[in-house]
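Read through the structure below, which is laid out as structure tokens, and then see the notes.
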Amino acid sequence: MTATIAYGAVEVGTELPAQSFPVQRATLVQYAGASGDFNPIHWNERFAREVGLPDVIAHGMFTMAEAIRVVTDWAGDPGAVVEYGVRFTKPVIVPDDDTGALIEVSGKVAAKLDDHLVRVDLTAMSDGKKVLGMARAVVRLA
């Protein structure tokens, strides 16, 4: 597969379609099983509170993975992402209810680079707070 977006079709400032990703406690348990990260701050409310957190929090790598979906869906090929990095700024707090949390992600082409590469800057928010900082991906377009 290759990216379906043509390099010539994008400009600096091109906005990617924003997406929202719901997160419930069951999602965190599934992610823990898949990743092997069974830290109790991600599933045990009592433990999370004992260590000073307001409630159970989503795994940082889970949050990071959800955010990059905005880029991979836009590009049309996960393999088009050649570089990706973030800073974890705030946790995604996941209450134990039927709603859980919501991660809202938007992205914008911030730079056109050589060799059909673009840099996409992402904004990831949950409960009105920025949960990822310096979220940037370099993507090879068609």
Any F88 side-chain heavy atom under 4.5 Å of L132 side chain: yes
Non-hydrogen side-chain atoms of Q19 and V70 separated by less than 4.5 Å: yes
Exam field: side chain H116 to backbone R140, donor-acceptor pair closer than 3.5 Å: no
Stepwise side chain to side chain contact (heavy atoms under 4.5 Å, CB included) test for Y7 and D115: CA-CA 9 Å; Y7 179 80; D115 199 23; over 6 Å; no
For A101 against P95, the heavy-atom pair lying closest together: N-CD, 4.3 Å
In one Ile/Leu/Val/Met/Phe/Trp/Tyr side-chain cluster, 4.5 Å: Y84, V138: no
Backbone N/O of L28 and side chain of W43: donor-acceptor pair under 3.5 Å: no
D37 vs F62, side chain to side chain contact (heavy atoms under 4.5 Å, CB included): CA-CA, chis, key distance, verdict: CA-CA 11 Å; D37 181 354; F62 172 82; over 6 Å; no
pair V10-W74: side-chain heavy atoms closer than 4.5 Å: yes
D97 side, atom CG; Q24 side, atom CD - distance, nearest 0.5 Å: 8.0 Å
Donor-acceptor pair, side chain of T27 and main chain of V23, under 3.5 angstrom: no
Steps toward side chain to side chain contact (heavy atoms under 4.5 Å, CB included) verdict (V139, T72): CA-CA 9 Å; V139 185; T72 59; over 6 Å; no
Same apolar cluster: L117 and V71, side chain cutoff 4.5 Å: no
M61 reachable from I68 in the ILVMFWY side-chain graph, under 4.5 Å edges: yes
Heavy atoms from other residues, nucleotides or ligands near NZ of K112 exceed 12 (cutoff 6.0 Å): yes
Given T63, V56, D127, the one that forms side chain to side chain contact (heavy atoms under 4.5 Å, CB included) with V92: T63
Test item: L141 and V118 side chains (from C-beta on) under 4.5 Å apart, heavy atoms: yes
L16 side chain near V109 side chain, heavy-atom distance below 4.5 Å: yes
Check: R49 side chain, P54 main-chain N or O, donor-acceptor pair, under 3.5 Å: yes
Atom of V131, atom of S126 and distance for their closest heavy-atom approach: CG1-CB, 3.8 Å
Shortest non-hydrogen separation from A124 to V105 and the atoms involved: CB-CG2, 4.2 Å
Rounded distance (nearest 0.5 Å) linking atom CE of M64 with atom CD1 of I103: 13.0 Å
Minimum heavy-atom distance between R25 and D55, given as atom pair plus value: NH2-OD1, 2.7 Å
Shortest non-hydrogen separation from V12 to A110 and the atoms involved: CG1-O, 3.6 Å
Check against side chain to side chain contact (heavy atoms under 4.5 Å, CB included), F47 and I41: CA-CA 6 Å; F47 184 86; I41 64 173; 3.8 Å; yes
CE-NZ distance between M125 and K90, expressed to the nearest 0.5 angstrom: 11.0 Å
Cluster link F21 to I57, ILVMFWY, side chain under 4.5 Å: no
Residue pair S20 / E104: nearest heavy atoms and the distance that separates them: OG-CG, 3.6 Å
Linked, directly or transitively: I93 and V51 (ILVMFWY side chains, under 4.5 Å): yes
Parallel, tilted or perpendicular, as decided by the 30° and 60° cut-offs, for the rings of H42 and H59: parallel
Heavy-atom donor-acceptor pair, T123 side chain to G107 backbone, under 3.5 Å: no
